[in-house]
Amino acid sequence: MHSVWRLLVLLGLLALPSALHKPHQPGLAKTHTDSKSALARIIAQGLTKHNTEGRIQNIHLLDSLNASGQMAPGMVGWLISSMSHHHHQEGSANITNAQLDYGGIRMSFHKEWFTANILLGFDIDLRLPFNNHIIKTHERMNLSVEFWLEKDEFGRRDLVIGKCHVEPRSVHTTFLTEAIPPKVNPFLRNFRDNLEKVIPHLIESQVCPLIDEILRQLDVKLLKSLMEQDIAHELNQL
């Protein structure tokens, strides 16, 4: 079974460059990658296969903000109240244009301890219920995942996946809409501040389980070999 996994992964690596460059791939998957890391390429291939960008765009943002309790009382209700009162104009907040920088996945390491850093971003179309005005924001952030090989008492190595998280200081919100009604500025400031508190958990819940699955599908011996290749390549660049 291990030999089958090795063959499948190696075939995937051979096919990956052309797959990433196909124009029909979503988001930044079409970006040319110059990464020399085999592990980064495997992670990129797996995230593409699992339609990670589509999963992010399917997040029910308003429901998540409401359930988190982060928004001030009445703020979410103010935005979505029209939905329950059957008004002609409805408030909404939809995630669009999600992009993961597959070609920019950065790998760092210390001995057999690896960290993968993935840049991602998306837009939010915020439709105000009282005037149907759409305010667009752009969110960008960095997700980091740690993993390593750990020996048991018999000297056998097992994959351990550590912390997978969006770095809070990396989360930035930019308002792309210039003509914003002055009366909604206080709400937007509150929306931005609380959005930056909720977004890390939402992205982690979508992306981290996929990375865990991608890495655990690899045979440990193959994973160790790929790690050694990455280390050797980085040392050769010094």
Side-chain angles (χ1 to χ4, degrees), residues 9-10 12-22 25-56 97-123 138-150 159-174 196 199-218 220 222-238:
V9 173
L10 289 174
L13 284 173
L14 291 174
L16 179 60
S18 59
L20 285 179
H21 297 161
K22 290 181 180 179
Q25 292 284 359
L28 292 181
K30 60 181 178 291
T31 302
H32 293 282
T33 173
D34 58 359
S35 174
K36 303 301 182 180
S37 168
L39 282 170
R41 294 166 65 188
I42 288 176
I43 293 172
Q45 184 187 42
L47 292 175
T48 303
K49 176 183 176 182
H50 286 291
N51 187 27
T52 307
E53 291 163 329
R55 291 170 182 251
I56 292 173
N97 196 31
Q99 298 181 333
L100 278 77
D101 187 4
Y102 296 111
I105 296 178
R106 305 187 310 278
M107 303 296 301
S108 57
F109 63 89
H110 176 69
K111 296 184 179 179
E112 292 186 350
W113 186 300
F114 272 69
T115 302
N117 291 286
I118 306 172
L119 295 174
L120 61 129
F122 53 84
D123 296 337
H138 179 72
E139 314 297 321
R140 67 182 187 277
M141 64 213 67
N142 180 73
L143 182 139
S144 176
V145 57
E146 302 171 348
F147 58 97
W148 62 92
L149 293 176
E150 193 171 276
L159 173 65
V160 178
I161 298 180
K163 190 174 184 180
C164 177
H165 71 296
V166 172
E167 299 171 4
R169 289 182 296 179
S170 74
V171 181
H172 296 285
T173 300
T174 303
E196 292 181 354
I199 282 295
H201 172 69
L202 295 178
I203 297 302
E204 290 162 7
S205 68
Q206 296 297 320
V207 181
C208 292
L210 299 180
I211 295 178
D212 185 282
E213 180 180 344
I214 292 165
L215 292 175
R216 292 193 185 282
Q217 287 179 349
L218 299 177
V220 172
L222 174 60
L223 187 57
K224 183 176 186 299
S225 176
L226 293 173
M227 288 179 168
E228 291 173 347
Q229 290 178 26
D230 281 2
I231 293 173
H233 172 75
E234 292 297 328
L235 292 177
N236 289 335
Q237 301 302 309
L238 297 179

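Counting non-hydrogen atoms of other residues, nucleotides and ligands closer than 6.0 Å to NE2 of H172 gives a total above 12.
Here the closest heavy-atom approach between residue N142 and residue S170 is recorded as N-OG, 2.9 Å. Between P209 and E204, the closest heavy-atom pair is CD-O, 3.4 Å. Of all heavy-atom pairs spanning L143 and C208, the tightest one is CD1-SG, 4.2 Å.
Taken to the nearest 0.5 Å, the CG atom of L120 stands 9.5 Å off from the OH atom of Y102. Rounding to the nearest 0.5 Å places CD1 of I203 at 14.0 Å from NE2 of H165. Atoms CG and CZ, on L47 and R55 in that order, are 10.0 Å from each other to the nearest 0.5 Å. With values rounded to the nearest 0.5 angstrom, L223 atom CG is found 8.0 Å from I42 atom CD1. We find the CG-CG distance between L39 and L218 to be 7.5 Å, quoted to the nearest 0.5 Å. In this structure, CZ on F122 lies 7.0 Å from CD1 on I56, to the nearest 0.5 angstrom.
Proximity of S144 to T115: side-chain heavy atoms (C-beta onward) are separated by under 4.5 Å at one or more points. The shortest side-chain heavy-atom distance between L159 and R216 falls under the 4.5 Å cut-off.
Side chain of E53 to main chain of L100: a donor-acceptor pair is present (N/O by atom type, distance under 3.5 Å, no hydrogens or angles). Judged by distance alone, with hydrogens and angles left aside, the side-chain atoms of E139 form no donor-acceptor pair with the main-chain N or O of V171 at under 3.5 Å.
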**Q.** side chain to side chain contact (heavy atoms under 4.5 Å, CB included) between I214 and Q45, worked out
**A.** CA-CA 9 Å; I214 292 165; Q45 184 187 42; over 6 Å; no
Q | Evaluation steps, side chain to side chain contact (heavy atoms under 4.5 Å, CB included), between V166 and I199 | A | CA-CA 9 Å; V166 172; I199 282 295; 5.8 Å; no
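For the side chain to side chain donor-acceptor pair (under 3.5 Å) with H138, the qualifying choice from T173, N97, D123, T174 is D123, the only one to do so.
A donor atom on one side chain and an acceptor atom on the other are not found under 3.5 Å apart for E146 and W148.
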